[in-house]
Amino acid sequence: VNPDDLRRSMEAVARRGAGRVAAYQLFNELNLNYEWGADVVDANAAARHAVLLNAAYTGLKAGDPNAVVVAAGTANGATSPSMNDLDYLRAFYAAGAKGSFDALGTHPYGGNTAPESTSCGGTCFRRAELQRQIMVDYGDSATPMWATEVGWLHESQYDMGPYFEWQKVTAQQQADYLVRAFQFAEANWSWMGPMFVFNHDHSTAMWCNVACYPPTTSVHWFSILNPDRSARPAYTALSDMPKTSTPPSTTAPTAPSALTATAASSSQINLAWTDNATDESGFKIERSTDGASFTQVATVIADTTTHPDS
């Protein structure tokens with residue numbers, strides 16, 4: 001991939017998604033040789049990843065300065081011809097990756113251990129702490145992590161093969177461990193941002209004209225819904241889990257100010273304003289030709305300060 005081509009492509013994507021797409025994850029588990037697309041992943045591959053990430057980050061921010069850019073999570077505990085996740089992250093940072101993302105992805109799958117456990121091999125929930133320490137070692141403690149994949153494998157009668165068979169847990173353990181993972185992160189990981197369960201409903205996927213992930217696949221059993229979309233215990237437990245929340249404010253957010261409109265072309269006007277509030281849920285953008293009647297043309301997320309109106 002040519003970095004400049006990637007930069008231009010990502011800029012175009014971000015311009016189109018501005019105000020509608022809040023965050024972009026760039027790549028996925030590139031420490032795996034088949035994800036990277038090479039026979040072997042080594043420090044040179046990690047350095048190349050850093051170059052591509054910087055190009056993509058530059059393009060996304062040019063297209064939408066408010067976009068959140070999430071660097072790919074790694075596959076934990078990988079071995080040759082792939083590259084161990086911790087070694088990969090050290091090489092990634094050594095190549096100058098810091099500053100090319102707003103959050104670092106992590107995939108702290110639990111294996112067959114409880115989320116609080118530190119007794120595990122390469123696959124366990126608290127593997128994220130070892131990855132976090134590498135961020136700290138390279139002076140990147142201000143950047144959060146996002147758990148873009150986290151899950152436990154629901155047991156089944158099927159042989160999941162050497163990589164996944166040992167990870168099986170009971171349906172109730174899957175439920176308990178997922179809830180406890182969120183509770184542990186909330187209590188102990190101030191540096192952790194959003195956590196995404198892998199997965200919600202891949203067991204129901206039929207876009208392949210047949211079951212895309214049949215019961216013989218691990219993806220089917222990481223799901224928290226059954227193929228008929230009924231809830232597995234994990235879905236119910238997560239739904240019932242107490243959530244931290246901020247009570248809704250009864251006071252309207254402070255209005256934005258200093259609106260400017262700059263003609264970018266014959267068909268586009270770039271709007272910019274000062275966001276004076278910290279508690280807004282978003283902005284509605286309206287257009288009027290007479291100053292009396294207004295038509296809504298867009299909505300943008302909280303903390304946005306620009307919008308291309310075309």
Quiz prompt | Side-chain heavy-atom pair Asn33, Val40 within 4.5 angstrom cut-off | solution = no

Exercise. Would you sort out whether Leu153 and Gln174 count as a side-chain contact (heavy atoms from CB on, under 4.5 Å), showing the intermediate values?
Key: CA-CA 7 Å; Leu153 182 64; Gln174 184 191 47; over 6 Å; no

Practice problem: Assess the pair His202 and Phe222: is the distance between their ring centroids shorter than 6.0 Å? | Solution: no

Quiz item: Crowded around Glu286 CD? As in, over 12 foreign heavy atoms under 6.0 Å?
Solution: yes

Exercise. Supply the atom-to-atom distance Thr123 OG1 to Phe164 CZ, rounded to the nearest 0.5 angstrom.
Key: 8.5 Å

Exercise. Would you please say whether a donor-acceptor pair under 3.5 Å links the side chains of Asn199 and Ser223?
Key: yes

Quiz item: Is there a chain of hydrophobic side chains (I, L, V, M, F, W, Y, each step under 4.5 Å between heavy atoms) that links Leu86 to Phe92?
Solution: yes

Quiz item: How long is the gap from CD on Glu116 to CD on Gln183, to the nearest 0.5 Å?
Solution: 8.5 Å

Quiz item: Salt bridge between Asp176 and Arg180, side-chain N to carboxylate O under 4.0 Å?
Solution: no

Exercise. Spell out, as yes or no, whether a donor-acceptor pair under 3.5 Å connects the side chain of Ser117 to the backbone of Ala114.
Key: no

Quiz prompt | For Leu104 against Met135, the heavy-atom pair lying closest together | solution = CD2-SD, 3.5 Å

Quiz item: Just wondering, do Leu271 and Thr306 contact through their side chains at under 4.5 Å, heavy atoms?
Solution: no

Quiz item: Ignoring hydrogens and geometry, is there a side-chain-to-backbone donor-acceptor pair from Asn2 to Asp5 under 3.5 Å?
Solution: yes

Quiz item: Are the side chains of Ser100 and Leu53 in touch, meaning some heavy atoms are under 4.5 Å apart?
Solution: yes

Quiz item: Mind checking whether Trp207 and Tyr213 have parallel, tilted or perpendicular rings, split at 30° and 60°?
Solution: perpendicular

Quiz item: Charged N to carboxylate O below 4.0 Å: is that the case for Arg20 and Asp64?
Solution: no

Quiz item: Nearest heavy-atom pair of Ala67 and Asp102: which atoms, and what distance?
Solution: O-OD2, 3.4 Å

Quiz prompt | Non-hydrogen atoms of Cys124 and Thr113 that approach each other most closely | solution = CB-OG1, 4.0 Å

Quiz item: Is the backbone N or O of Met241 less than 3.5 Å from a side-chain atom of Lys243, with the two atoms forming a donor-acceptor pair by type?
Solution: yes

Exercise. Step through the shown structure and confirm whether more than 12 heavy atoms of other residues, nucleotides or ligands are within 6.0 Å of CG on Asp39.
Key: no

Quiz item: Does a donor on one side chain and an acceptor on the other come within less than 3.5 Å for Ser203 and Asp201?
Solution: no

Quiz item: If you measure from CG on Leu60 to CD on Glu11, what distance do you get to the nearest 0.5 Å?
Solution: 9.5 Å

Quiz item: Do Ile134 and Met192 sit in the same hydrophobic cluster, where Ile, Leu, Val, Met, Phe, Trp and Tyr count as joined when their side-chain heavy atoms come under 4.5 Å apart?
Solution: yes

Exercise. For Ala50 and Ala97, work out which heavy atoms get closest and say how close.
Key: CB-CB, 4.0 Å

Quiz prompt | Contact check, side chains of Asn31 and Trp36, non-hydrogen atoms, under 4.5 Å | solution = no

Self-check item: Over all atoms of both residues, closest heavy-atom pair of Ala78 and Met83
Solution: CB-O, 3.5 Å

Practice problem: Side-chain contact test, heavy atoms from C-beta onward, threshold under 4.5 Å: evaluate it for Leu26 versus Phe101 and give yes or no. | Solution: no

Quiz item: Okay, side chain of Asn188, backbone of Phe184: is any donor-acceptor separation there less than 3.5 Å?
Solution: yes

Quiz item: Can you tell me how far the CG atom of Asn276 sits from the OG1 atom of Thr305, to the nearest 0.5 Å?
Solution: 11.5 Å

Quiz item: Hey, mind stepping through Trp152 and Leu178 against side-chain contact (heavy atoms from CB on, under 4.5 Å) and telling me if it holds?
Solution: CA-CA 7 Å; Trp152 275 264; Leu178 280 168; 3.8 Å; yes

Self-check item: Electrostatic pair Arg127:Asp85 at N-O distance under 4.0 angstrom
Solution: yes

Quiz item: In terms of hydrophobic clusters joined by side-chain contacts under 4.5 Å, are Val1 and Leu30 together?
Solution: yes

Quiz item: Under 3.5 Å, is there a donor-acceptor pair between the side chain of Lys168 and the main chain of Ser156?
Solution: yes

Quiz prompt | Aromatic ring pairing Tyr109/Phe198, orientation class (parallel under 30°, perpendicular over 60°, tilted between) | solution = perpendicular

Self-check item: Exceeds 12 heavy-atom contacts within 6.0 angstrom, atom OH of Tyr235
Solution: no

Quiz prompt | Pro215 backbone acceptor or donor facing Trp221 side chain under 3.5 Å | solution = yes

Exercise. Measure the spacing between CD1 of Ile224 and OG1 of Thr236 and express it to the nearest 0.5 Å.
Key: 9.0 Å

Quiz prompt | Residue pair Thr262 / Asn270, side-chain donor-acceptor N/O under 3.5 Å | solution = no

Quiz item: Do you see a donor-acceptor pair shorter than 3.5 Å between the side chains of Gln131 and Thr106?
Solution: yes

Quiz prompt | Donor-acceptor contact present, side-chain Asp42 to main-chain Ala45, <3.5 Å | solution = yes

Quiz prompt | Ionic contact status for Glu129 with Arg126, cut-off 4.0 Å | solution = yes

Quiz prompt | Closest non-hydrogen atom pair, Val169 against Gly111 | solution = CG1-O, 4.1 Å

Quiz item: Regarding His49 and Tyr88, is there a side-chain donor-to-acceptor distance under 3.5 Å anywhere?
Solution: yes

Exercise. Find out if a path of hydrophobic residues (ILVMFWY) with successive side-chain heavy-atom gaps under 4.5 Å connects Tyr57 to Val21.
Key: yes

Quiz item: Which pairs pass ring pair (Phe, Tyr, Trp, His ring centres under 6.0 Å) with one or both residues in residues 115-144, sequence neighbours excluded?
Solution: Tyr93-Tyr138, Phe125-Trp189

Quiz item: Honestly curious: do Leu6 and Val69 fall in one hydrophobic cluster under the side-chain, below-4.5 Å linking rule?
Solution: yes

Self-check item: Within-4.5 Å side-chain heavy-atom neighbours: Pro108 and Met195
Solution: no

Quiz item: Hey, are the side chains of Thr148 and His107 touching, using non-hydrogen atoms and a 4.5 Å cut-off?
Solution: yes

Practice problem: Indicate yes or no for a side-chain donor-acceptor contact from Lys98 to the backbone of Gly139 under 3.5 Å, with no hydrogens or angles considered. | Solution: yes

Practice problem: Find the distance between OG1 (Thr216) and CE (Met160) and round it off to the nearest 0.5 Å. | Solution: 6.5 Å

Quiz item: For Ser267, does its backbone N or O pair with a side-chain atom of Ser265 as donor and acceptor, under 3.5 Å?
Solution: yes

Quiz item: How about Pro115 and Tyr177: do any of their side-chain heavy atoms sit closer than 4.5 Å?
Solution: yes

Practice problem: Using atom types as modelled and distance alone, determine if a side-chain donor or acceptor of Trp146 lies under 3.5 Å from a backbone N or O of Gln25. | Solution: no

